Amino acid sequence: MPDHPPAATAARRRASHTAFARARGLIPGGVNSPARAFGGVGGEPIFFREAQGQWLTDIDGNRYLDYIGSWGPMILGHRHPRVVAAIEAALARGTSYGAPTEAESRLAELIIAAVPSIEKVRMTSSGTEAAMSAVRLARGVTGRDKIVKFAGNYHGHGDSLLVAAGSSAATLGVPDSPGVTAGTARDTLVLEYNDPQELEDCFGREGDEIAAVLLEPVVGNMGLVRPEPEFLAAARRLTRSHGALLVFDEVMSGFRLALGGAQEILGVVPDLTILGKIVGGGLPLAAYGGRADVMDHVLPAGKVFQAGTLAGNPLAVAAGTATLEELAERPPYGQLERHGAALEAGFRAAAAAAGLPVWVARVGSMLTMFFQPGPEPVPVRGWKTASRSDKARYAAFFWAMIDRGVYLPCSQYEALFLSAALTDADIAATITAAHESLAG
Ligand SMILES: *Cc1c(COP(=O)(O)O)cnc(C)c1O
């Protein structure tokens, strides 16, 4: 990695430097999740003390416009009054009972009403758990072992899914993890995204052994990659004709690209959907759901085991319910599209002014500017094209934006997320910062 950030501006983050040194002695790598470690941009992570609306404040007192939103959940911005009030009201009644509540059914109703393909839904504490559980369910229902995933798609860190898993893994240069057994990896078939022929060939060879095809219907975890209609159509057709399940991982895209997620705008109906991030409103909650006849195989309705001490936790359910109600009653999607389009055009213009070949990909409020080797930008369609990106250029851009008070993803292979708290003036200021950062 290049030598970023410059020493002069690093001096503004002394407290973060000290905090990181301490954390490194106590927590592996100083962080509780590798995506936060700044491995993809060099330098040290910034430690935060608070957030409000569209703003993050670090422990040195620097303020940043937040284009991460905790990697997706904070679509309403930080400390949205409705969400805060819901959490406070739940807190006053106790934090966990390990027994059912009516509030869980209310959240389930909201999810089922919003997401076209979901008839029944089970809640978990993390997207990782939800994805692992969906895979177990697909295997349990079909009686088959193999699953198909796509290079650069991330489905959490369950063993069978931690193969060619995108951003964190790619950034750290460990596409597969030690500790995942060869036997487990063998049941996971990894194909190239947006390649319907490869998928067709795969089903031709071993279609009767495949339990499920998992995919991000709009990919966020190798940077933003849009699905091509023929690819999604092939995935739907092949799974149906071979008796496999089509599983959409909408942990990022769910409630973000539309209230009904990517499946609403793409018009493709999966058998199962994995949700996380926004569905918990900033607290630990995720879910998986889909066809009632499939979901009724989950214990205790059926025999496929899955459980959680804190699953359906009252505080998380309150935060998620308030977030989904706000999104349904005052949909921010028009504003997010307008801001996303402005940012996309602004980033393109800034790169063109600097003579840099970039591919800017966007769907709604998710966006990635891929810095390319050039001379001409080529479309990023999957991991083969995404992984050609110029990570050093991205790192330089990232730190220049940090110095101008804009907090972007600390990896070329993560999408940025807009929140509804961002204003027209914030977007304009961000575009100005991008012009300065790329010219410099
Ligand atoms: C974040 C993410 C996950 C994992 O969710 P966690 O809550 O971090 O375990 C799974 N799939 C996708 C698409 C994600 O973006």
Side-chain angles (χ1 to χ4, degrees), residues 116-117 131 134-155 158 160-166 170 175-176 183-253 257 261-274 290-291 293-294 359 361 363 378-388:
S117 65
V135 167
R136 184 181 302 143
L137 176 58
R139 286 173 166 158
V141 169
T142 60
R144 301 172 179 179
D145 289 346
K146 291 191 177 166
I147 55 169
V148 172
K149 77 177 286 287
F150 298 91
N153 283 213
Y154 180 65
H155 306 295
S160 59
L161 298 167
L162 202 55
V163 185
D176 301 317
T184 301
R186 209 168 29 237
D187 285 332
T188 303
L189 310 171
V190 182
L191 307 181
E192 181 73 3
Y193 199 76
N194 274 331
D195 189 339
Q197 190 58 51
E198 200 181 28
L199 187 60
E200 176 113 41
D201 293 346
C202 177
F203 268 94
R205 276 192 317 271
E206 42 203 328
D208 56 354
E209 295 171 56
I210 295 170
V213 172
L214 261 83
L215 57 92
E216 291 181 68
V218 170
V219 190
N221 283 293
M222 53 177 151
L224 195 278
V225 176
R226 308 176 64 109
E228 290 161 18
E230 317 77 67
F231 171 66
L232 288 183
R236 182 61 282 183
R237 175 174 51 81
L238 290 164
T239 45
R240 190 168 278 145
S241 63
H242 285 86
L245 298 183
L246 179 61
V247 185
F248 275 9
D249 184 343
E250 296 229 43
V251 172
M252 264 185 190
S253 55
L257 302 181
Q263 60 193 266
E264 179 184 321
I265 58 176
L266 297 167
V268 179
V269 181
D271 301 299
L272 291 175
T273 300
I274 305 161
R291 279 165 43 195
D293 64 308
V294 175
W359 177 260
V363 178
V378 297
V380 174
R381 303 177 57 229
W383 183 239
K384 279 183 194 152
T385 34
S387 59
R388 295 167 66 246

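This one's a predicted model, so the numbers in the text were calculated from it and none came from an experiment.
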Looking only at heavy atoms, which two atoms of [X] and [Y] are closest? And how far apart?
X: A234; Y: P196; value: CB-CB, 3.8 Å
X: I265; Y: V363; value: CD1-CG1, 4.1 Å
X: V218; Y: A262; value: CG2-CB, 4.1 Å
X: A212; Y: A138; value: CB-CB, 3.7 Å
X: L246; Y: A235; value: CD1-CB, 4.0 Å
X: P379; Y: T385; value: O-CG2, 3.6 Å

Can a salt bridge be assigned to the pair D208 and K146 using a cut-off of 4.0 Å between side-chain N and carboxylate O?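 Result for this pair is no, no salt bridge flagged.
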
Would you call E206 and R144 a salt bridge, taking side-chain N to carboxylate O under 4.0 Å as the test?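 No.
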
Testing T273, V269, V268 for side chain to side chain contact (heavy atoms under 4.5 Å, CB included) with Q263, which one passes?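 With Q263 as partner, T273, V269, V268 yield a single side chain to side chain contact (heavy atoms under 4.5 Å, CB included), made by T273.
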
Let's go through V135 and L214 carefully: what are the C-alpha distance in whole Å and the side-chain angles of both, what is the deciding distance for side-chain contact (heavy atoms from CB on, under 4.5 Å) to 0.1 Å, and is it a yes or a no? CA-CA 9 Å; V135 167; L214 261 83; 3.9 Å; yes

Measure the acute angle between the ring planes of F150 and Y193, then classify it against the limits of 30° and 60° as parallel, tilted or perpendicular.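 Rings of F150 and Y193: perpendicular, as their planes differ by over 60°.
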
Is there a donor-acceptor pair closer than 3.5 Å between any side-chain N or O of E192 and the backbone N or O of A151?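 Pair absent, no side-chain N/O of E192 close to backbone of A151.
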
Rounded to the nearest 0.5 Å, what separation is found between the [atom1] atom of [X] and the [atom2] atom of [Y]?
X: L137; Y: T142; atom1: CG; atom2: OG1; result: 9.0 Å
X: D145; Y: I210; atom1: CG; atom2: CD1; result: 11.5 Å
X: D187; Y: E209; atom1: CG; atom2: CD; result: 9.0 Å
X: L161; Y: D249; atom1: CG; atom2: CG; result: 8.5 Å
X: L199; Y: R237; atom1: CG; atom2: CZ; result: 8.5 Å
X: D195; Y: C202; atom1: CG; atom2: SG; result: 11.0 Å

Could you check whether atom CZ of R226 has more than 12 heavy atoms from other residues, nucleotides or ligands sitting under 6.0 Å from it?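 Open.
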
Test L257 against E250 for side-chain contact (heavy atoms from CB on, under 4.5 Å), laying out the working first. CA-CA 10 Å; L257 302 181; E250 296 229 43; 5.7 Å; no

Are the side chains of D293 and V141 in contact, using a 4.5 Å heavy-atom criterion?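 The answer is no, as the side chains (C-beta and beyond) never meet within the 4.5 Å cut-off.
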
side-chain contact (heavy atoms from CB on, under 4.5 Å) for N221 and E216? Distances and angles first, verdict last. CA-CA 9 Å; N221 283 293; E216 291 181 68; 3.2 Å; yes

Using side-chain contact (heavy atoms from CB on, under 4.5 Å), reason through F248 and I274 one step at a time and then give a plain yes or no. CA-CA 6 Å; F248 275 9; I274 305 161; over 6 Å; no

